[in-house]
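Lettering follows sequence order; numbering is per chain, from 1. Note that the structure is a prediction, hence the values are computed from the model and not measured.
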2 protein chains.
Amino acid sequence: MDDRAQSIIDAKAKVLKALGHPTRLFIVEELARGERCVCELVKLVGADFSTVSKHLTLLKNAGVVQDDKRGQMVYYTLKVPCILRFMDCIEAVIVSGSCK
Amino acid sequence: MDDRAQSIIDAKAKVLKALGHPTRLFIVEELARGERCVCELVKLVGADFSTVSKHLTLLKNAGVVQDDKRGQMVYYTLKVPCILRFMDCIEAVIVSGSCK
DNA sequence: TATATATTTGGTAATATAGCCAAATATATG
DNA sequence: CATATATTTGGCTATATTACCAAATATATA
């Protein structure tokens, strides 16, 4: 495998890895319903502010979410909604063990 | 979040996490082209036999691949091809930074 | 300006992951 | 049966991840 192919694989794996944590996946699915500020996500997730903030930073670095600071709050939105269509596939994996 | 919702999230995150490693993602994309034995994957990946075997075990536990032992060889196949359709989305994330 | 609120950053400890080697297991073949 | 090949498992070390706390930063408001 050449360097270019390898770096594409690496980049894709990075996105998938970002989604591969229960808290981050939860956040992504919550953001699918609309913009949320960090404080809302903290309440929903039930973890420390710093923990949620770090998960959000990681998602942002992976290119999955974007942030928008307005006043003293930071609002996060899902940058790549196509990810959600994939969830049906993942769900199929865990429910029936296969998909089309 | 209730226990049931939590365990669904956990299961989905497990699948995504399994895909979130360059070597495993490479294996999945290779299996998308057809069945491969471990020895072929070892050559393609260029890592130790035991390393590849462990990645395959992890993918199997996540429900992504299945194995079939024939003779002294073990052949792996992709169990959930719908995962591949998702790759276009992931690729969009890393190339253009957004998707529809 | 002082203070409260929202968020991020730094530090740290516990746990998980990845990769290699060596050993074990299974199957085929001489 | 002995040996070679294919694969997995166990053990180990290095590295990465996660979560919390405390401190720093930024912004709003009294």
Going by number, which of residues 26-34 of chain A have a non-hydrogen atom under 4.0 Å from DNA chain D?
-> none
Within this structure, what is the CZ-to-C1' distance between Arg24(B) and dA16(C), rounded to whole angstrom?
-> 12 Å
Are Asp10(A) and Lys12(A) close enough for a salt bridge, meaning some N to O gap below 4.0 Å?
-> no
Please examine the side chains of Lys14(B) and Ile94(A), heavy atoms only from C-beta on, and report whether any two atoms are closer than 4.5 Å.
-> no
So Phe86(A) and Phe86(B), would you call those rings parallel, tilted or perpendicular, with 30° and 60° as cut-offs?
-> parallel
Contact check, side chains of His55(A) and Ile27(A), non-hydrogen atoms, under 4.5 Å | yes
Find out whether Leu41(A) and Phe26(A) are in side-chain contact, i.e. whether some heavy atom of one side chain is under 4.5 Å from a heavy atom of the other.
-> no
Charged N-O contact under 4.0 Å between Arg24(B) and Glu29(B) | no
N or O in side chain of Arg70(A) less than 4.0 angstrom from dT27(D) OP1/OP2 = no
Nucleotide-resolved protein contact map, nucleotides 2-12 of chain D, B/S/- at heavy-atom distance under 4.0 Å = ---BSBBBBB-
Residues Asp67(B), Leu56(B); criterion side-chain contact (heavy atoms from CB on, under 4.5 Å); working and verdict = CA-CA 9 Å; Asp67(B) 57 350; Leu56(B) 286 166; over 6 Å; no
For dT17(C), does OP1 or OP2 lie under 4.0 Å from any side-chain N or O of His55(B)?
-> no
Does NZ or CZ of Arg70(B) come closer than 6.0 Å to the centre of the six-membered ring of Tyr75(B), within 45° of the ring's axis?
-> yes
Which residue, Thr23(A) or Gly71(A), contacts DNA chain D at a nucleotide closer to its 5' end, judged by nearest heavy atom?
-> Thr23(A)
Looking at Thr77(A) and Leu31(A), what are the two nearest heavy atoms and their distance?
-> C-CD1, 4.2 Å
Specify the residues of residues 4-22 of chain B, ordered by number, for which at least one heavy atom lies under 4.0 angstrom from an atom of DNA chain D.
-> none
For Cys89(B) and Arg85(A), run side-chain contact (heavy atoms from CB on, under 4.5 Å): C-alpha distance rounded to whole Å, both residues' side-chain angles, the deciding distance at 0.1 Å, then the answer.
-> CA-CA 9 Å; Cys89(B) 166; Arg85(A) 276 184 279 134; 5.7 Å; no
